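Since the structure is predicted, the reported quantities are computational estimates derived from the model, not experimental observations. Throughout, a chain's letter reflects where its sequence line sits, starting with A, and its residues are numbered from 1.
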Number of protein chains: 2
Amino acid sequence: MYKEEQLKLSSQVCFPIYSVSRLLTKAYKPYLDTMGITYPQYLVLLVLWENDAVTVNEITKKLYLNTNTVSPLLKRMEKAHLIERNRSISDERSVVIQLTSQGKELKKVASQVPDKLLQVLLTTNVNLPDIMNLKDTLEEWIEVLREQKIKEIK
Amino acid sequence: MYKEEQLKLSSQVCFPIYSVSRLLTKAYKPYLDTMGITYPQYLVLLVLWENDAVTVNEITKKLYLNTNTVSPLLKRMEKAHLIERNRSISDERSVVIQLTSQGKELKKVASQVPDKLLQVLLTTNVNLPDIMNLKDTLEEWIEVLREQKIKEIK
DNA sequence: TACATTTGTGTCGTGCGCGATACAAATAAT
DNA sequence: ATTATTTGTATCGCGCACGACACAAATGTA
């Protein structure tokens, strides 16, 4: 019975993605710790370093996160003096997020992060096979999706 | 300056994994809701359906989760009458997790989940390009890792 | 046997992540 | 001009995730 096979942990597509996602966030941690930020906060900073003065709404859209996740997160970042939160003049509903000098300063430290992460992934913390397996699983899955898509169109 | 490029959200490898992971958990939600469970709880059930009478430690290893995540989770599942928690006789430190009849019963409902998830992914909730992009990003990344690995060996 | 170390499980605190809900500002409709 | 709807942000509650830490049972050592 093929249903039995589908319910095995090893044949789950989402599980490796879920696992690797957490694994990667953990790999970032030591470097983000020195900057005093978390991974989601790092993502917000990436957005702001690319384009300062962004509304909360724009951040939620870029990061695919809900307001009720981002709002408290931004408040913590404001408390840490990384950003400023100001109501927009043109639209009183919007809150404009801007980097403080401290937030801008962090970019220099952060510029080392991608390379360092690569190094740590090459050594001990994350093993390559896990990532490879994720890739294989995704490939199989996309194949299934493609076939199904074709059937649907017919 | 290539560091500038590396710090763009679009060139981040972990971000699509992180996003797609949340996206997939959300896709599961309506089906798991009808079963009254969450995604991590579903993962625990997958383990138990494959092999009943498993210690907490074995679950943490299979799911790559910490005890301090799994312990409260199992307590909630016990409260929901899905599992039983009993101290092992052979080793008083170990806690053996077993399915209740209700927990076993859920397997029948769950057997529909993988197919239904595939259906929902084909329709509206998740768009294929997101997944495809994740695959592409992973491929590039693995390429970089491979090259670096070779350099290291030399 | 006495003591040190390891192992398995658990609590606590903090930060997400999100559904449900609230609320005021902006916009649309009548 | 009033009223209804939409939009942008935020609070609340719950369930993870995990680092730090606690503690008892099991194991190793002198």
Side-chain angles (χ1 to χ4, degrees), chain A residues 14-15 18-30 32-33 35-44 54-80 82-83 85-97 125, chain B residues 14-15 18-30 32-44 54-80 82 85-97 125:
Chain A
C14 308
F15 175 58
Y18 161 79
S19 300
V20 170
S21 174
R22 283 172 24 242
L23 207 67
L24 289 174
T25 305
K26 213 183 279 186
Y28 268 106
K29 194 167 186 306
L32 301 184
D33 274 352
M35 300 165 67
I37 54 172
T38 64
Y39 183 67
Q41 289 175 15
Y42 175 65
L43 294 179
V44 170
V54 174
T55 67
V56 173
N57 194 26
E58 285 166 336
I59 293 175
T60 62
K61 274 178 184 144
K62 278 179 194 291
L63 302 184
Y64 307 108
L65 285 167
N66 294 341
T67 326
N68 49 6
T69 297
V70 173
S71 276
L73 196 151
L74 291 173
K75 280 199 166 181
R76 282 188 289 271
M77 291 180 76
E78 188 189 34
K79 213 173 185 177
L82 295 173
I83 58 160
R85 292 162 63 249
N86 296 299
R87 287 274 159 189
S88 166
I89 309 153
S90 59
D91 189 337
E92 281 284 327
R93 292 170 304 177
S94 294
V95 172
V96 179
I97 307 298
N125 293 27
Chain B
C14 308
F15 175 59
Y18 161 80
S19 300
V20 169
S21 173
R22 286 173 19 244
L23 206 66
L24 289 174
T25 306
K26 212 183 280 186
Y28 268 105
K29 194 167 187 302
L32 301 183
D33 273 353
T34 65
M35 299 165 68
I37 56 172
T38 64
Y39 183 66
Q41 289 175 15
Y42 174 65
L43 293 179
V44 169
V54 174
T55 67
V56 174
N57 195 26
E58 286 166 335
I59 292 175
T60 62
K61 274 176 185 145
K62 277 179 195 290
L63 302 185
Y64 307 107
L65 285 166
N66 295 341
T67 326
N68 49 8
T69 298
V70 173
S71 277
L73 196 150
L74 290 173
K75 280 198 167 181
R76 283 188 287 271
M77 291 180 76
E78 189 189 33
K79 212 173 186 177
L82 296 172
R85 292 162 62 250
N86 297 300
R87 288 274 160 191
S88 166
I89 308 153
S90 58
D91 189 337
E92 281 284 329
R93 294 170 303 177
S94 292
V95 172
V96 178
I97 307 297
N125 293 27

S.K.: Mind checking if B:T25 touches a base, just sugar-phosphate, or nothing, with heavy atoms under 4.0 Å?
M.R.: nothing
S.K.: Of the options C:dC16, C:dC18, C:dG19, whose atoms approach the side-chain atoms of B:K29 most closely?
M.R.: C:dG19
S.K.: Is there a side-chain polar atom (N or O) of B:Y18 under 4.0 Å from OP1 or OP2 of C:dG17?
M.R.: yes
S.K.: Which residue, A:L65 or A:D91, contacts DNA chain C at a nucleotide closer to its 5' end, judged by nearest heavy atom?
M.R.: A:L65
S.K.: Pull out every protein N or O sitting under 3.5 Å from an N or O of nucleotides 5-7 of chain C, one pair per line with the distance.
M.R.:
| residue | atom | partner | partner atom | Å |
| --- | --- | --- | --- | --- |
| C:dT7 | O2 | B:R93 | NH1 | 3.0 |

S.K.: When you compare the protein's N or O atoms with those of nucleotides 11-14 of chain C, which come within less than 3.5 Å of each other, and at what distance?
M.R.:
| residue | atom | partner | partner atom | Å |
| --- | --- | --- | --- | --- |
| C:dT11 | OP1 | B:K75 | NZ | 2.6 |

S.K.: Is it true that a side-chain atom of B:T60 and a backbone atom of B:N57 form a donor plus acceptor pair closer than 3.5 Å?
M.R.: yes
S.K.: List for me each residue that meets ring pair (Phe, Tyr, Trp, His ring centres under 6.0 Å) alongside B:Y39, sequence neighbours excluded, and say none if there are none.
M.R.: A:Y18, B:Y28
S.K.: Tell me, please, which residues at least two apart from A:K29 pass salt bridge (charged side-chain N to carboxylate O under 4.0 Å, His left out).
M.R.: A:D33
S.K.: Name the first nucleotide and the last nucleotide along DNA chain D (5' to 3') that come under 4.0 Å of a heavy atom in chain A.
M.R.: D:dT7 to D:dG19
S.K.: Name the closest nucleotide to the B:K26 side chain, picking from C:dG19, C:dA26, C:dT9.
M.R.: C:dG19
S.K.: Who are the side chain to side chain contact (heavy atoms under 4.5 Å, CB included) partners of B:E58, not counting sequence neighbours?
M.R.: B:V54, B:T55
S.K.: Remember a base hit wins even if backbone is also touched, and classify B:T60 as base, sugar-phosphate or nothing at under 4.0 Å, heavy atoms.
M.R.: nothing
